[in-house]
2 protein chains.
Amino acid sequence: MLSQKCKYALQALLILARQAGDELLLVSDIAERENLPKKFLEAILLELNRNGLVRSRRGRGGGYALAKPADLITFGQVVRIMDGPLAPLSCVSVNYYRKCDDCRDELTCEIRKVMRRVRDAVAHELDGTSLAQAVAEGRGRALLEG
Amino acid sequence: MLSQKCKYALQALLILARQAGDELLLVSDIAERENLPKKFLEAILLELNRNGLVRSRRGRGGGYALAKPADLITFGQVVRIMDGPLAPLSCVSVNYYRKCDDCRDELTCEIRKVMRRVRDAVAHELDGTSLAQAVAEGRGRALLEG
DNA sequence: GTATTTCCTATCGGTAAACCATGATATAAT
DNA sequence: ATTATATCATGGTTTACCGATAGGAAATAC
Ligand code: FES
Ligand code: FES
């Protein structure tokens, strides 16, 4: 299950993606629109900023915007930043691989084989969907990826 | 990520699945073979018993065995018992559905649409793989489901 | 009846999730 | 400059779960 944090991040990013232009949005505005806890959202956007998904300006007239076009930001990127590995087991993660402590042999482990397929299926969906696609889908348009 | 508990459960069940016959295996034996914490495994098998995946007999000569043929026990069943919903969000879970607190409209929610596909992909893999298939795959044989 | 083995309840330390409070720092308008 | 506005940084709180263990009750075989 996704953390609340991750869901909030996605909600915020989708709002920014719909904004399209370079206009900055306030944390307060985003929080209000989707009624998310403001302080928590602040921390989330900060983390997204550090990871290069959004950019910010502070002080009066400040706010947040996407750091790159919405079709270059995938759900997979967001989930990995917020919740870590997509894989159900560390030993099948490609971005956060770590050997299983208690498994004798990785190559013959049946659990691993199954979970490998699961992780691939998940990654296929999440890495294959961008913010742009999601908002397009939301508007009822069937756009293909570019 | 799967809990440790769930992984232990799968390891134990695969051992029981390989046992094939009606022979009972001791918790201690299973724990020793895969070096799992014995007391913890005890609790796990108990839970699997309550959920009808294994059967037990106690006292001298007791132990555990699968409650039904290994091709009728899927990874999906085990994971749901141990870790709950497969779905990344409760609102896309079919077995543990629960409405999203903070989302205005379920039908237009873009996040939901994406996560729905993820949950389906995961369920397809996990519900489509039985213990029997896993051990067969482990032996190098490419058996199809029956 | 005694040894064995599962069953049951309770507990415990550690860790992470979900927030909130407070203040520092940068920016823009006055 | 001053002030109002925002993000940035740090730290704390509360709650809940995860992994694991302890101690004993209940059932079964010999
Ligand atoms: S090697 Fe990772 S589960 Fe067996
Ligand atoms: S309705 Fe569940 S995420 Fe929006």
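When reading the values below, keep in mind they use all heavy atoms of this one structure, side chains included, and skip hydrogens, waters and symmetry mates. Protein chains get the first letters and strands the later ones, always in sequence-line order, with residue 1 at the start of each.
- Going from atom CG of B/D29 over to atom CD of B/E32 covers 6.5 Å, rounded to the nearest 0.5 Å.
- Side-chain N/O atoms of B/S56 include one lying less than 4.0 angstrom from OP1 or OP2 on C/dC7.
- A heavy-atom distance below 4.5 Å is found between the side chains of B/F75 and B/L10.
- Separating the CG atom in A/L131 from the CG atom in A/L13 is a distance of 5.5 Å, to the nearest 0.5 Å.
- Taking CZ of A/R116 as the reference point, atom SG of A/C109 lies at 13.5 Å (rounded to 0.5 Å).
- Residue A/K38 contributes atom NZ, which lies 11 Å from atom P of D/dT5 at whole-angstrom precision.
- For C/dC19, one of the phosphate oxygens OP1 or OP2 lies less than 4.0 angstrom from a side-chain nitrogen or oxygen of A/Y8.
- With sequence neighbours left out, the salt bridge (Lys or Arg N to Asp or Glu O under 4.0 Å) criterion links A/K39 to A/E42.
- Atom NZ in B/K7 sits about 11 Å away from atom P in D/dG19, given to the nearest Å.
- Residue A/L26 is in sugar-phosphate contact alone, with no base atom involved, counting any heavy-atom pair closer than 4.0 Å across all strands shown.
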**Prompt:** Tell me, for nucleotides 23-30 of chain D in 5' to 3' order, what letter each nucleotide earns: B for a base near a protein heavy atom under 4.0 Å, S for only sugar-phosphate near one, - for neither?
**Reply:** BB-BBBSS
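- Rounded to an integer number of Å, the gap from A/N49 CG to D/dT7 P is 11 Å.
- Residue contacts for A/R55: at a heavy-atom cut-off of 4.0 Å it reaches no nucleic acid atom on any strand shown.
- In this structure, A/L46 atom CG and D/dA6 atom C1' are separated by 12 Å, rounded to whole Å.
- Counted by atom type alone, A/N49 and A/S56 present one or more donor-acceptor pairs between their side chains at under 3.5 Å.
- For A/D101 and D/dG19, the CG to P distance is 12 Å, given to the nearest whole Å.
- Side-chain atoms of B/D83 and B/S3 include a donor-acceptor pair closer than 3.5 Å.
- Comparing atom distances between the B/Y64 side chain and each of C/dT6, C/dC19, D/dG19 picks out C/dT6 as nearest.
- Here D/dT7 presents its P atom at 11 Å from CG of A/L16, a figure rounded to the nearest Å.
- Taking atom CZ of B/F40 as the reference point, atom C1' of C/dT6 lies 18 Å away to the nearest angstrom.
- The distance between atom CE of A/M82 and atom C1' of C/dA17, rounded to the nearest whole Å, is 13 Å.
- With the nearest nucleotide of DNA chain C identified for both B/V27 and A/L2, B/V27 has the one nearer the 5' end.
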